Amino acid sequence: GKLGHNGDGSYENFLPYLPRLKAMGLEVLAFLGNAGRPQQAALEATIRRGPAFIEDAVAMAKRNGYDGYSWDHELHCKQDKRCWDGLKSLERPYMDFLNLFADTLHLHNLTLSVFIAGCCGFVDPQTTADG
């Protein structure tokens, strides 16, 4: 529900290189994920903050020179889609949040990339050709 970094030093180590990466013409998208927190708690907190989270994200992107964000809340619990059953009530609020986030970033010429396919061996039959 809030912007931060994972505390391993990667954030501080990355920022000094950002101007050189940008000068090379590379697009820099900052990573946003659940940082090990239970996904439901992380998503609920972020959705609850909604516009305030988005406002903070735009300010951080502009302050640090990011071109946008890479949003990563993929399936990490079990190897089947029943893992997401507990998140069913967040389906519409989550999509509304992501749409607002993308629309707001676009107003500032920023990008939102969203990971949706799953992780760790899980394959969603609704997103694959042979599913």
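Since we're looking at a predicted model, the values are computed, not measured.
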Inset, instruction - Taking side chain to side chain contact (heavy atoms under 4.5 Å, CB included) as the test, write out the residues that go with D67, two or more places apart. - result: K22, E27, V28, L29
Legend entry - Set of residues satisfying side chain to side chain contact (heavy atoms under 4.5 Å, CB included) with respect to L105, sequence neighbours excluded: V58, Y69, F101, L110, L112
Inset, instruction - Using the test salt bridge (charged side-chain N to carboxylate O under 4.0 Å, His left out), find all partners of R20 that sit at least two apart in sequence or belong to another chain. - result: none
Legend entry - For D96, salt bridge (charged side-chain N to carboxylate O under 4.0 Å, His left out) partners two or more places apart: R92
Inset, instruction - With sequence neighbours left out, write down each residue that passes side chain to side chain contact (heavy atoms under 4.5 Å, CB included) with L107, or none if nothing qualifies. - result: none
Inset, instruction - Could you check if a side-chain atom of T46 sits within less than 4.5 angstrom of a side-chain atom of Y94, using non-hydrogen atoms only? - result: no
Inset, instruction - List in chain and number order the residues that pass side-chain hydrogen bond (donor to acceptor under 3.5 Å, both in side chains) with H106, two or more places apart in sequence or in another chain; answer none if no residue qualifies. - result: none
Inset, instruction - Measure the CG-CG distance between D103 and N99 for me, rounded to the nearest 0.5 Å. - result: 6.0 Å
